[in-house]
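Report on the structure given below.
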Amino acid sequence: MLSIYNTLTGRKEPFRSLQPKTVRMYVCGVTVYDYCHIGHARSALVFDVIRRYLEYSDYQVEFVKNFTDVDDKIIKRAHERGVSCDAITAEYIEAYYQDMGRLGIRRATNEPKATEHMAEIIGLVSRLIQKGLAYPVAGDVYFQVEKYQGYGRLSKRKLEDLQAGARVEVDARKRHPMDFALWKSSKPGEPSWDSPWGSGRPGWHIECSAMSMTHLGETFDIHGGGMDLIFPHHENEIAQSCGATDKEFARYWVHNGFVQINQEKMSKSLGNFFTIREIFEKSKWPEAETGEMLRYFLLGTHYRSPLDFSDKSIEEAKNALNGFYDLFKRLKESEERATADEGLMAVIERCRVAFREAMNDDFNTSVAIAELQRMKSDVNKLLGQGLSTEARKIAREEFRSLGNNLGLFQLEKWQFIGGIVVTPGVARVTITSFAPTVTVSPVSPEIELSEVQIEQQIAERLDAKKKKNFAQADEIRKSLASHGIVIEDKPDGTSRWKR
RNA sequence: GGCGCCGUACCCAAGUGGUUAAGGGAGCAGUCUGCAAAACUGCGAUGCAGCGGUUCGACCCCGCUCGGCGCCUCCA
């Protein structure tokens, strides 16, 4: 039974979807005015994994993730560049797909934009005015927080407490300092839509209420986003949505913790900011591998805890992942010996159960990964005793299948341009497959060797080995090592290599 | 001022009121190997920031202290 920590109640609760076998979830996406950073990546990844796991658990998932494409920051950016807001949002939506794609984040089933839901937004605002929960003032419309009993339920705040701490200048036209804008009149040169209150644009919070209701109905299962959205964004969404419908809005509220740098929240003012593309560009590994390293790193910590980002942490993820792909390589190499086949199913079954148990416990990916590590270790042992080709295939498939929940282990190769067959005696190199396309330039291109060069060296070394010329063989090993290439000799006398 | 979170070995990181406090990375030793790598085996917190309290018993519950952080304003 899956249980999820619900911000609304402050505890883990058994998860029951409104409709059997279907989960409807809404996640607040990004405001598209800049490149996404590693924190956006974490959030997107967390909900990507939740979605994957729900699907693995036989739910059909209706997953809606919005783009906020009307906003002050977008307008500002457009003015700075002297281009239209549409140009800005189009550019960054494209960038979003690129960056998230590199991380293996699947697209949501529906990715609505605020600008495409003006009718629904205006309708919702009107409804709130009619119900006496909102009031227009000279072209703006505000939500009146005092009229909604239960305001503060999600963030566990009292209106009075908020008032005490408010240090923002309060718009005198508001009836309560915490009243927030549902609709803003637009200034010349700003994007605007006609409305009963004059031409304007929606406030930030209302779009999510409108879009989630439109695509998922007035009550749905899961609503998610980063911790920082709890207040005011999600609090306001609840007020608007429940205020308008008098129904429950989202039933489970899920919030991910922050990515930090040196124990501090990333922020532009602190200058400790890493965009996703920056990380990929700085990486010396092929893109697919870098994506997987990032996933492994980000999923190594429970989604609600803060986690610190550093080069070192990525390096550690790489090393850990290497262990898996080393095993996968060996599983592919044939050596028919079915000695330990019997034990494999038990190992797999144990892992499946433990993996599910971990994920069912509020998506505990750290433990889930630990279980995969255990299976890696167990399979390594069995492999040492001997596994049939069929059993090896089954083992590899199991890693792929469980790993798919986390978006791991889907690559064919890992830091190994595999399939290089060096035929002993002939010393001829055949390349049976190629590396995934490397789209970013390596950190130190001057020391990069081409595959052909590497293969030539390996062939030469093999020759030397055959002639018992170990001095030369070691020389070649050393030389390749200086380029970051590690050679592993296999029992059959051939070699594999990795970076 | 209000609300909340965190402090587990060299590093990352799970976890539980009561047999051995997961797992990974790094390290060391051994097996294997021409050498190496990988794999395997072994070693590694008598202790979970500190101090009190509750309890037959706490790392896990409560209180305080110290240290770090987040939200209360746009923010994943």
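Within every chain, numbering begins at 1; the chains are lettered A, B, ... in the order of the sequence lines, protein sequences first and strands thereafter. Computed over heavy atoms, backbone and side chain alike; hydrogens, waters and symmetry mates excluded. Everything numeric in this text was worked out from a predicted model, so none of it was measured.
Each of rA76(B), rG25(B), rG34(B) was ranked by its minimum atom distance to the side chain of Ala320(A); first place goes to rG25(B). Closest to the side chain of Val486(A), from the set rA37(B), rG34(B), rA76(B), is rA37(B). When each of rG25(B), rA14(B), rC71(B) is scored by its nearest atom to the side-chain atoms of Lys376(A), the top-ranked nucleotide is rG25(B). Listed nucleotides: rG23(B), rC71(B), rA14(B). Nearest to the side chain of Phe231(A): rC71(B).
Going from the C1' atom of rA45(B) to that of rG27(B) covers 16 Å, rounded to whole Å. Going from the C1' atom of rA22(B) to that of rC60(B) covers 15 Å, rounded to whole Å. Rounded to whole Å, the C1' atom of rG15(B) lies 10 Å from the corresponding atom of rC59(B). Taking atom C1' in both rA58(B) and rC48(B), one finds a spacing of 11 Å when rounded to whole Å. For the P atoms, the distance from rA36(B) to rG30(B) is 11 Å, rounded to whole Å.
One atom, NZ of Lys265(A), and another, P of rU73(B), lie 12 Å apart when rounded to the nearest Å. Atom pair His255(A):NE2 and rC71(B):P shows a separation of 14 Å (rounding to whole Å applied). Atom CZ of Arg153(A) is separated from atom C1' of rG4(B) by 19 Å (rounded to the nearest Å). Taking atom CD on Glu488(A) and atom P on rA37(B), their separation rounds to 10 Å, with Å as the unit. We find that NZ of Lys156(A) is positioned 16 Å from C1' of rG70(B), with the value rounded to whole Å. The interatomic distance linking Asp492(A) (CG) with rA39(B) (P) rounds to 18 Å, in whole Å. Spacing between atom CZ of Phe363(A) and atom C1' of rG15(B) amounts to 19 Å, rounded to whole angstrom units. Straight-line distance from the CE atom of Met266(A) to the P atom of rC71(B): 12 Å, rounded to whole Å.
The residue Lys73(A) sits close only to the backbone: its heavy atoms come under 4.0 Å of sugar-phosphate atoms, none of a base. No engagement by Lys468(A) is indicated, since no non-hydrogen atom pair under 4.0 Å with the nucleic acid exists. Backbone-only engagement by Gln260(A) is indicated by non-hydrogen atom pairs under 4.0 Å involving sugar-phosphate atoms exclusively. At the heavy-atom level, Phe258(A) lies under 4.0 Å from base atoms of the strands shown. Here Arg157(A) lies in heavy-atom contact (under 4.0 Å) with a base.
The partner of rG30(B) is rC40(B), judged by Watson-Crick or G-U wobble contacts that both fall below 3.5 Å. Base pairing annotation: rU54(B) forms no Watson-Crick or G-U wobble pair, as no partner gives both donor-acceptor distances under 3.5 Å. In a base pair of the Watson-Crick type (N1 to N3 plus N6-O4 or O6-N4) or a G-U wobble (N1-O2 and O6-N3), with each distance short of 3.5 Å, rG7(B) is matched with rC66(B). Pairing for rA45(B) is absent, judged as Watson-Crick or G-U wobble with the two contacts each under 3.5 Å. In this entry rG1(B) has rC72(B) as its Watson-Crick or G-U wobble partner, both defining distances falling under 3.5 Å. Look at rC35(B): it lacks any Watson-Crick or wobble partner with both distances under 3.5 angstrom. Across all strands shown, rG17(B) has no partner, as no Watson-Crick or G-U wobble contact with both distances under 3.5 Å is found.
Both tests hold for Arg107(A) against Tyr97(A): distance to the six-membered ring centre under 6.0 Å, angle to the ring axis within 45°.
Along RNA chain B, the nucleotide nearest Ser377(A) and the nucleotide nearest Ser43(A) are compared for position; the residue whose nucleotide lies closer to the 5' end is Ser377(A).
Here His205(A) contributes atom NE2 and His233(A) contributes atom NE2; the two are 7.0 Å apart, rounded to the nearest 0.5 Å.
At a cut-off of 3.5 angstrom, counting only N and O atoms as typed in the model, there is no donor on one side facing an acceptor on the other between the side-chain of Arg42(A) and the base of rA76(B). The base of rC72(B) has none of its N or O atoms less than 3.5 Å from a complementary donor or acceptor on the side chain of Asp161(A).
The shortest heavy-atom contact between Gly226(A) and Ser43(A) is N-OG, 4.1 Å. Arg295(A) approaches Ile105(A) most closely through the heavy-atom pair NH1-N, 3.8 Å.
Between rG25(B) and Asn319(A), no contact under 4.0 Å exists linking OP1 or OP2 to a side-chain N or O. Of the side-chain N and O atoms in Asn364(A), one or more sit less than 4.0 angstrom from OP1 or OP2 of rG15(B).
Taking 4.5 Å as the limit, every side-chain heavy atom of Cys36(A) sits out of range of all side-chain heavy atoms of Thr275(A). The shortest side-chain heavy-atom distance between Leu321(A) and Trp414(A) falls under the 4.5 Å cut-off.
Ion pairing between Arg277(A) and Asp99(A) holds under the 4.0 Å rule for side-chain N and carboxylate O.
Of the residues listed (Ile50(A), Leu2(A), Asn364(A), Leu406(A)), the one engaging Met359(A) in a side chain to side chain contact (heavy atoms under 4.5 Å, CB included) is Leu406(A), and it is the only one.
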